[in-house]
Amino acid sequence: MEQKAPKPLLAYSVTEEFEGTGGIVFARSAIAARRMGAERYADGEFENALCRRAPYADEYAESGVVPAGRLIAEGWHFECSGCGRTIDNDYLWENDIDPDDVVGTQDSSVYCNELCEAHEALERAQRKVFDRRWMRRLVKFVKARFPEAEIVRDSQFRRPHVYGDRRNGRHLLRDANIPFTLPCLEHGPASLVVERHQSPGMRYGRKEKDDSRKRSVFYVCHPDDREAINAYMQANPPRR
């Protein structure tokens, strides 16, 4: 008796009934595709998953990787991870972009084209350089104020970090935390904390001037160490 060959993998479009979000699922039957799609796109709610055949994506069944440009050509849309614009057929037509020029797949970040992807990569690189520069500056600041300080770098919960953001074309420091230990601290590390504070932006329906500003504060991990670090700071005033 001959063993039956397994059914081929076919492409199915599965979307959440109310939000319309979804994607392509590869399965050997519609019921299996709907079940898989419900887990991915409908929070496991089988009855909220709409499933239909998508023969245009059958050619990607072996790899399971569906190019975003192919889906856009079939009526899907994505948000560009670079510029944030909605990429659909109309957008491609208006901007003379071929679907094959769209970068990404249904399961990855998607960009309008390679240029948009390159701009985003450049932005990430500039952000890393900015963050590293501020990290070095703040570590030097801590060491200058507390010559005996040891920067905490290997704690699971307290590690040095610096976060910046971009406003009006400029990178600005948003917040930072530089934990460090001192011989006088018995209960845990202290931290140099830099925070950007903003006043409420609206009053009586009118937008007020943004007076956001940075504030640097030294904190101790445990209240019982407060007197110790205050005494240390008094005994070791800042260098002028």
Side-chain angles (χ1 to χ4, degrees), residues 4-132 156-157 159 161-166 171 174:
K4 290 184 178 180
K7 293 182 179 180
L9 283 174
L10 300 176
Y12 294 86
S13 167
V14 182
T15 55
E16 202 277 333
E17 180 178 9
F18 302 103
E19 296 183 1
T21 55
I24 299 298
V25 172
F26 297 101
R28 303 188 191 281
S29 67
I31 193 70
R34 187 178 179 187
R35 189 177 299 112
M36 293 169 59
E39 291 296 326
R40 294 182 188 178
Y41 308 118
D43 296 324
E45 299 293 336
F46 182 81
E47 62 275 12
N48 292 342
L50 303 180
C51 179
R52 61 184 181 275
R53 277 281 284 125
Y56 58 84
D58 283 345
E59 62 181 295
Y60 307 108
E62 184 176 350
S63 67
V65 179
V66 187
R70 185 71 177 90
L71 292 176
I72 293 170
E74 297 295 334
W76 296 80
H77 66 269
F78 295 85
E79 180 179 314
C80 179
S81 296
C83 64
R85 294 185 176 91
T86 298
I87 315 173
D88 56 16
N89 263 321
D90 290 339
Y91 178 77
L92 297 185
W93 174 263
E94 293 169 1
N95 291 274
D96 194 24
I97 299 174
D98 190 274
D100 290 339
D101 293 335
V102 176
V103 177
T105 71
Q106 74 165 2
D107 298 316
S108 74
S109 298
V110 176
Y111 299 90
C112 300
N113 50 34
E114 291 180 348
L115 182 59
C116 205
E117 182 187 31
H119 280 309
E120 173 65 11
L122 177 61
E123 171 66 21
R124 287 197 305 270
Q126 290 176 333
R127 216 159 37 230
K128 287 182 180 179
V129 170
F130 176 87
D131 291 351
R132 284 198 295 266
Q156 180 179 359
F157 303 104
R159 295 183 180 181
H161 69 257
V162 173
Y163 296 120
D165 57 18
R166 190 176 180 87
H171 283 95
R174 188 179 69 189

Is there side-chain contact between I87 and I97, with at least one heavy-atom pair below 4.5 Å? no
Between D58 and A11, is there a donor-acceptor pair closer than 3.5 Å when you use the side chain of the first and the backbone of the second? yes
Given 3.5 Å as the limit, does a donor-acceptor pair link the side chain of R127 with the main chain of G164, or not? no
Test the R34-Y12 pair against the cation-pi criterion, namely NZ or CZ under 6.0 angstrom from the six-membered ring centroid and within 45° of the ring axis. no
Rounded at 0.5 Å granularity, tell me how far CG in L115 sits from CG in D101. 11.0 Å
Does some side-chain heavy atom of V102 sit less than 4.5 Å from a side-chain heavy atom of V110? yes
Straight-line distance of H77 NE2 to D90 CG, nearest 0.5 Å: 11.5 Å
Are there over 12 heavy-atom neighbours, none belonging to E47, within less than 6.0 Å of that residue's CD? yes
Within this structure, what is the CZ-OG1 distance for the pair R52 and T15, rounded to the nearest 0.5 Å? 5.5 Å
Can a donor-acceptor pair be found, under 3.5 Å and without considering hydrogens, that links the side chain of Q106 to the backbone of L71? no
Minimum side-chain heavy-atom gap V66-Y56 below 4.5 Å: no
Shortest non-hydrogen contact from V14 toward G37: CG1-CA, 3.5 Å
Evaluate L9 against R28 for side-chain contact (heavy atoms from CB on, under 4.5 Å), listing each step before the verdict. CA-CA 5 Å; L9 283 174; R28 303 188 191 281; 3.9 Å; yes
Closest non-hydrogen contact found for F26 with A57 is CE2-O, 3.3 Å
Just by modelled atom types, is the Y163 backbone N or O under 3.5 Å from a matching donor or acceptor in the R174 side chain? no
Other residues, nucleotides, ligands: >12 heavy atoms within 6.0 Å of E114 CD: no
Can you tell me how far CD of E117 sits from CD of E120, rounded to the nearest 0.5 angstrom? 9.0 Å
4.5 Å side-chain heavy-atom contact, S13 and I24: yes
Are R35 and E39 ion-paired here, with the side-chain N under 4.0 Å from a carboxylate O? no
Please assess Q126 against V129 for the test side-chain contact (heavy atoms from CB on, under 4.5 Å), listing each intermediate value before the final yes or no. CA-CA 5 Å; Q126 290 176 333; V129 170; 5.7 Å; no
Within the structure provided, determine whether Y41 and V25 are in side-chain contact (heavy-atom separation under 4.5 Å). yes
Rounded to the nearest 0.5 Å, how far apart are CD of E94 and CG of D88? 8.0 Å
Is the side chain of N89 donor-acceptor paired with the backbone N or O of I72 at a distance under 3.5 Å, no angle test? yes
Judged by atom type as modelled, is there a donor-acceptor pair below 3.5 Å linking the side chain of D43 to the main-chain atoms of E45? no
Minimal non-hydrogen separation, E79 against G84, with atom names: CG-O, 3.5 Å
Strictly distance-based, threshold 3.5 Å: is any side-chain N or O of R85 a donor or acceptor partner for the main-chain N or O of C80? no
